[in-house]
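Below is one structure, written out as structure tokens; comments come after it.
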Amino acid sequence: DVKVTQSSRYLVKRTGEKVFLECVQDMDHENMFWYRQDPGLGLRLIYFSYDVKMKEKGDIPEGYSVSREKKERFSLILESASTNQTSMYLCASSSWTVNTGELFFGEGSRLTVL
Amino acid sequence: GNSVTQMEGPVTLSEEAFLTINCTYTATGYPSLFWYVQYPGEGLQLLLKATKADDKGSNKGFEATYRKETTSFHLEKGSVQVSDSAVYFCALSASANRDDKIIFGKGTRLHILP
């Protein structure tokens, strides 16, 4: 069964802390994405990557960075967490070589920043 | 730019009722269109898709027809069940480029009452 796994389902952090959200996929997909999901705003793209060590800014990259050192792993980093980064974070992957347009999502990581 | 607009929720129906969730889009060229579903506590998963005008996507009793003349991709189901309670997202992919981003609507929450 194909899978996108996010390391933590629930996290509580304090303002100013550095936060790492990890995502691993087992489908050998080239593309990986980080979204945040907020009520009334839907999904907003933070960053994406279409290859190892490659990254592209999405619609709301401010306050975030990413790392993709291996094909299967895509990390989202909050350098100094703030309360307005309290949200649900969703990781997704897709295949460029088999481009059906389908995204495969993890179950999400709900982050609360106090 | 490209965009997706879907009806705001929540939508509340009784079991066995007919469902329509409206979705319209703005895009240049010939996008692919998708419906994703998010069940409680889970990530998004692809429900159905259509890649060209007049195509009908279908899955689990849901259907949507790609209407280029009205730029619409409305989701329908003839008889909903309690298990259909979820958030539904309309989305488009404007091209097959490797760095193309899928654009999501804001989501429509559906409640089905027994």
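Note that these values count all heavy atoms, side chains included, but never hydrogens, waters or copies made by symmetry.
The part of A:Asp59 that comes within reach of chain B is its side chain, from C-beta onward, which places non-hydrogen atoms under 4.5 angstrom from that chain. At a 4.5 Å heavy-atom cutoff, the contact between B:Gln38 and chain A is made by side-chain atoms alone. Contacts of A:Arg9 with chain B are made by side-chain atoms alone, with heavy-atom separations under 4.5 Å and no backbone atom involved. With a threshold of 4.5 angstrom between heavy atoms, A:Gln6 does not approach chain B through any atom at all.
Across all their heavy atoms, A:Gln37 and B:Phe89 have their closest contact at NE2-CZ, 3.4 Å. The shortest heavy-atom contact between B:Leu44 and A:Phe105 is O-CB, 3.3 Å. The two residues B:Tyr36 and A:Leu103 come nearest to each other via the heavy atoms OH-N, 2.8 Å.
For A:Arg44, the CZ atom counts as densely surrounded, since its 6.0 Å shell holds more than 12 non-hydrogen atoms of other residues, nucleotides or ligands. Within a 6.0 Å radius of NZ in B:Lys77, other residues, nucleotides and ligands contribute more than 12 heavy atoms. Shown here is B:Glu16, whose CD atom has no more than 12 heavy atoms of other residues, nucleotides or ligands within 6.0 Å. Around NZ of B:Lys68, the count of heavy atoms belonging to other residues, nucleotides or ligands within 6.0 Å exceeds 12. Residue A:Tyr10 qualifies as open at atom OH: its count of foreign heavy atoms under 6.0 Å is 12 or below.
The greatest number of non-hydrogen atom pairs below 4.5 Å with chain B, out of A:Gly108, A:Ala92, A:Gly40, A:Pro39, is found for A:Gly40.
A continuous path of Ile, Leu, Val, Met, Phe, Trp and Tyr side chains, each step under 4.5 Å between heavy atoms, connects B:Met7 with B:Leu13, placing both in one hydrophobic cluster. Put simply, A:Leu78 and A:Val12 are part of two different groups of oily side chains (I, L, V, M, F, W, Y) that touch within less than 4.5 Å, one to the next.
Note that CD1 of B:Ile102 and CD of A:Glu102 are 9.0 Å apart. Values are rounded to the nearest 0.5 Å.
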